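Values below: every heavy atom of this structure, side chains too, minus hydrogens, waters and symmetry copies. Given the structure is predicted, the values throughout are model-derived calculations rather than measurements.
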Amino acid sequence: MAVYSIIWSPTAKISYYRILEYLNDKWTYKELEAFVKRTEEVIDLIYKNPLLYPRSKESDTHKCVVLKAGVPVLQNKR
């Protein structure tokens with residue numbers, strides 16, 4: 001079984017923090033906290049099963065919906 005790791009690109013980190021800043025302005029603290037928790041859960045699912053979400057046709061990435069409000073893109077690296 002291949003071992004994968006989750007690697008956030010610099011662009012992904014910046015994008016995620018910008019999303020958090022935006023949500024902090026628009027959502028309640030409770031909603032923001034739920035988004036962060038759900039993001040962590042999704043990352044854990046990807047770590048356990050990297051092929052769980054559909055692969056992009058354009059690049060070596062898989063995408064998933066964390067909440068209906070956003071679609072982060074994560075890249076698999078071996």
Side-chain angles (χ1 to χ4, degrees):
M1 179 179 200
V3 176
Y4 293 91
S5 60
I6 304 295
I7 300 172
W8 287 69
S9 71
T11 302
K13 287 179 187 178
I14 291 168
S15 176
Y16 181 68
Y17 291 127
R18 285 183 180 162
I19 290 168
L20 292 179
E21 287 175 5
Y22 173 82
L23 296 178
N24 189 46
D25 289 340
K26 304 294 182 184
W27 288 6
T28 66
Y29 180 77
K30 185 176 178 180
E31 291 169 322
L32 179 61
E33 196 173 48
F35 176 80
V36 170
K37 181 179 178 189
R38 178 64 184 146
T39 300
E40 291 169 354
E41 291 169 352
V42 167
I43 291 170
D44 188 52
L45 289 171
I46 293 168
Y47 178 77
K48 291 175 183 172
N49 185 359
L51 304 178
L52 182 63
Y53 297 102
R55 185 181 199 107
S56 170
K57 294 177 184 176
E58 294 82 29
S59 64
D60 186 30
T61 60
H62 293 255
K63 62 183 179 178
C64 66
V65 175
V66 174
L67 295 174
K68 291 182 183 180
V71 183
V73 176
L74 303 170
Q75 184 173 4
N76 288 329
K77 295 281 185 184
R78 288 185 190 195

What's the spacing between S5 OG and I46 CD1 if we round to 0.5 Å?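 Rounded to the nearest 0.5 Å, the OG-CD1 separation comes to 12.5 Å.
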Any chance you could measure I19, atom CD1, to T39, atom OG1, to the nearest 0.5 Å?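 Nearest 0.5 Å value for the CD1-OG1 distance: 8.5 Å.
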**Study point:** Pairs flagged by salt bridge (charged side-chain N to carboxylate O under 4.0 Å, His left out) wherever residues 13-37 is involved - sequence neighbours left out
**Key:**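 Matches after skipping sequence neighbours: none remain.
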(request) Examine I14 and I6 and state if one hydrophobic cluster contains both, with Ile, Leu, Val, Met, Phe, Trp and Tyr joined whenever side-chain heavy atoms are less than 4.5 Å apart. (result)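 In one cluster: no.
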Are V66 and Y29 connected, step by step, through hydrophobic side chains (Ile, Leu, Val, Met, Phe, Trp, Tyr) whose heavy atoms are closer than 4.5 Å?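 Cluster IDs for V66 and Y29 differ.
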Could you check whether the rings of Y16 and F35 sit parallel, tilted or perpendicular, using 30° and 60° as the cut-offs?
->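 Judged by the thresholds at 30° and 60°, the geometry between Y16 and F35 is parallel.
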**Message:** Holding to side-chain hydrogen bond (donor to acceptor under 3.5 Å, both in side chains), I want the full list of residues that pass it with N24, two or more places apart in sequence or in another chain.
**Reply:**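 Per chain and number, N24 pairs via side-chain hydrogen bond (donor to acceptor under 3.5 Å, both in side chains) with no residue.
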Note to self: Which residues pass the side-chain hydrogen bond (donor to acceptor under 3.5 Å, both in side chains) test with E41, not counting sequence neighbours?
What the structure shows: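 Partners of E41 under the side-chain hydrogen bond (donor to acceptor under 3.5 Å, both in side chains) test: none.
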With respect to E40, which candidate in D44, I43, V42, V36 satisfies the side-chain contact (heavy atoms from CB on, under 4.5 Å) definition?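 Of the listed residues D44, I43, V42, V36, the side-chain contact (heavy atoms from CB on, under 4.5 Å) partner of E40 is V36.
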